[in-house]
Amino acid sequence: MQTGEHSLGELAVRFGLLLRGDPDVRVCRVATLANAGEGAISFLANAHYRKQLAHSRAAAIILSEADAPNCPVPALIDRNPYAVYARIATLLYPVPLPQPGIHPSAVVHPEARVARSASVGPLCVIEAGVLIGERVSVGAACIIESGASIGADTRLVSRVTVRPRVHIGARCTLQPGSVIGADGFGFAGEDRRWIKVPQVGAVRLGDDVEIGANTTIDCGAIEDTVIENGVKLDNQIQIGHNVTIGEHTIMASCSGVAGSTVIGKRCMIGGLVGFAGHITIADDVLITGFSMITASLQKAGSYSSGIPAQESREWWRTVARFKRLGRFG
Amino acid sequence: MQTGEHSLGELAVRFGLLLRGDPDVRVCRVATLANAGEGAISFLANAHYRKQLAHSRAAAIILSEADAPNCPVPALIDRNPYAVYARIATLLYPVPLPQPGIHPSAVVHPEARVARSASVGPLCVIEAGVLIGERVSVGAACIIESGASIGADTRLVSRVTVRPRVHIGARCTLQPGSVIGADGFGFAGEDRRWIKVPQVGAVRLGDDVEIGANTTIDCGAIEDTVIENGVKLDNQIQIGHNVTIGEHTIMASCSGVAGSTVIGKRCMIGGLVGFAGHITIADDVLITGFSMITASLQKAGSYSSGIPAQESREWWRTVARFKRLGRFG
Amino acid sequence: MQTGEHSLGELAVRFGLLLRGDPDVRVCRVATLANAGEGAISFLANAHYRKQLAHSRAAAIILSEADAPNCPVPALIDRNPYAVYARIATLLYPVPLPQPGIHPSAVVHPEARVARSASVGPLCVIEAGVLIGERVSVGAACIIESGASIGADTRLVSRVTVRPRVHIGARCTLQPGSVIGADGFGFAGEDRRWIKVPQVGAVRLGDDVEIGANTTIDCGAIEDTVIENGVKLDNQIQIGHNVTIGEHTIMASCSGVAGSTVIGKRCMIGGLVGFAGHITIADDVLITGFSMITASLQKAGSYSSGIPAQESREWWRTVARFKRLGRFG
């Protein structure tokens, strides 16, 4: 999947890095510190792996100035080795761009508009009124329903479902199984039954958004559900109707956000976090995994409520005493 | 997506509402109190939004008698404004009914029976012995496997998977990515390995059931998994084999129910709730989000076990003391 | 769905069981103790159901020697009745093997290699370089992307997504909606934004692996994500990049494992369990449902951290006192 070779000199110039070692050394692939060999570039960004540095056989290693003296091979030095690694890996492994055009097995409505430079894969369904922008890549078996629009350079990897009137911005990536714009969960109780409340809003995704596999984002009840620029959602996340997620917020897998909650910008949310509906989370909030958020968080900071596991015997003893707190305390 | 206009007088008569204001005012769309304008009908059902009433520019507002005196525009008055809103919104935004017939790209077995009034969308697969009832709408890319049956007026939005012998009742709605009747998770341990136990039951969904996006309902091991009339399941819910969920129970996203558990009628289950297997939950039980249910609940009432998040520093101090409860208490 | 009849004598010989009763009694289907009737074989493996034994009308019952004296009908006796039941049920209900060959509606790249004995269902997409082994069954609407390989006798039930270069072993079963090899969740922070880190590893599944409906397994960042032989994953599980799950480990639904975590062999993991990244779990660990695992577990044993629900009023009182522990303790 990797393509071409690059010399360290060329990489240092292109990305503004300090080079310690032979600029003519060439790299063509990435590898971990432990398993790197000829032609492989590696990186050190997590202290956890520092002990592997001394024995690495990488052709070159991206690391910080502090780690450079201990690097046994040519080094590319930067304050943010992981970001540099991301850029070099993107250069070595470009996302394969499919040929423009519409696969003959796709079912494309004559009133859909697909840019000439875009590609639509096999067995896709593109309904009336859909707009597909320049260089968009729609992988196999995607469904894009009436009136939805997909911004330039966005990639629907494969098997993505985009429901009516959803707007997706530019340079987004949507992983397989994601469903954007299914009905929000709205029911009015009456006589001990539930009446479905029509969900007539849409979903708007900004630019540079990533949506993980099997993640679901519901359409709004009246107004739209909004995912702002640069948001990154992992797999199997559920976003309820009329939620707003602020720019550059990142959320790990299996978390759920109930309806009408507003999450701020640049938040970092762990996995298996649950948000109640109708609350507001400030900008720059960090929430550790397995937390339950039932009230608004008004200021930046770190919040938690998960309890780490213990040996079961000890745990159940603790729980028994815990429950007595409420009874006799 | 909305269609037609209706006068307040007409709406008041049709739905048995008290009208305060000009019966000739016409509405054609819904809007929130805050953003409503010309031609828009809004509603007030949640005290949270009462402060927006005075400044609303809606053409009309549905609300309770208690709120009516403060309504600055024509009012439609009822004891249950949200249910009335649901009905009026359904009138203004009818679900678009596709043309009856089978899309030429669908793969339909000659031994399937599809009602003349039903529609089967592009790239569906309908296997032998399937029965599709009157006015059923099967959206794009659904799979309905051998011997399954779909009751009248049910809508498979798109990309729904219905496995063999599943029975779905009338007037149900299944959102994209839902999987009904995948194998239950049954394995017999032997010599520290697992032998798969065939899952030969089916799934039966009653009438008026809603199934959310990417929700999964497993087939029974021997007998059937049963979802009774009027049950509403949100997105990304997992229902294990041989579970029964009683009439008109509603369950929020990301919850899971392990095998053979029986949940009563009219229960309300929050998000991220986990149920152990082989337990029984009474009728009219309410469970708040993020609760763990490991034993049967014999009587109606409200149950909880999630702990709301705190600032992390404070939280970890609390947890440390908590764990000492079990050790020294 | 069941096929043929078998005499108890034949079953006793074939599976090495002790038979008490008439060897000429014939069975053709399975049933529960409570609802079994003519021609049905049942089993007793869970003490929970022992009270149903005396009144069962099964044609025969599989049970342990200890329960045999109380069996009112012919008995097949073994130390492990549930495993015997699994084998007999597999005999009575063989998985239907589709006709070999490629459905004309499937889109198969000329450079894919599909074994003559394999079947590819309707509306599948098989890309270049794919290898599909002997007797593999690829159900409707599966996507197998470039360079992936599927081992002999594996079954992709339907609507399975297999991303590029994924390797799946022999005799695996993948349920609908599962996504194997979507991008891992890797982003490097820079200037309060996120840069995508290319995910260039693959996924390797061993032999005899079961993957549940809508379960997602991400590809590795550099090296591969690995699911070893005999692992069984339930529905809606999320496995992050570079995770390893050891042989014969079994995991219940809705659990999530963050990146680079290593889970040992023969572990048993409950539902809704969350694992932090970069930790190691020993072999033979049991984790009860709803536990949060944030640190490595170095030795076999049982671990927990979920708290069972109480009546809400009592619960909130307990939580209030609990939170004071951290403040004043």
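Throughout, a chain's letter reflects where its sequence line sits, starting with A, and its residues are numbered from 1. The shown structure was predicted, so the numbers you read here are calculated from the model rather than taken from an experiment.
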When the 4.5 angstrom heavy-atom criterion is applied to C:Ile217 and chain A, the contacting part is neither

Counting only heavy atoms closer than 4.5 Å, note whether C:Leu286 contacts chain A via side chain, backbone, both or neither.
neither

Between A:Thr32 and C:Glu223, is there a side-chain donor-acceptor contact under 3.5 Å, judged purely by atom types and distance?
yes

Would you say C:Thr216's side chain and A:Asn235's backbone share a donor-acceptor pair under 3.5 angstrom?
no

Please answer whether the main-chain N or O of C:Asn214 pairs with a side-chain N or O of A:Gln236 as donor and acceptor at a distance below 3.5 Å.
yes

Chain C heavy atoms under 4.5 Å from A:Met268: which part of the residue, side chain, backbone, both or neither?
side chain

Okay, C:Thr215 and chain A: the region with an atom under 4.5 Å from a heavy atom over there is backbone

Per-residue contact mode, A:Val30 against chain C (heavy atom under 4.5 angstrom):
both

Is a side-chain N or O of A:Lys323 found less than 3.5 angstrom from the main chain of C:Pro308, in a donor-acceptor match?
yes

Got a donor-acceptor contact below 3.5 angstrom from the C:Ser304 side chain to the A:Ser312 backbone?
no

With chain C, the option among A:Asn80, A:Leu123, A:Asp208, A:Thr288 that has the most non-hydrogen atom pairs under 4.5 Å is A:Leu123

Is it the backbone or the side chain of C:Thr294 that comes under 4.5 Å from a heavy atom of chain A, or both, or neither?
side chain

Non-hydrogen atoms of chain A under 4.5 Å away: do they reach the side chain of C:Arg163, the backbone, both or neither?
side chain

What option among A:Gly139, A:Ser105, A:Ser158 has the most heavy-atom pairs under 4.5 Å with chain C?
A:Ser158

Chain C contact via A:Arg87 - which portion, at a heavy-atom distance below 4.5 Å:
side chain

Shortest non-hydrogen contact from A:Thr90 toward C:Lys196
OG1-O, 4.0 Å

Between A:Phe322 and C:Trp315, does the ring centre distance come in under 6.0 Å?
yes

Give, as side chain, backbone, both or neither, the part of A:Asn229 having an atom under 4.5 angstrom from any heavy atom of chain C.
neither

Does a salt bridge link C:Arg192 with A:Asp284, judged by any charged N lying under 4.0 Å from a carboxylate O?
yes

Select one option (side chain, backbone, both, neither) describing which atoms of A:Glu247 are under 4.5 Å from chain C's heavy atoms.
neither

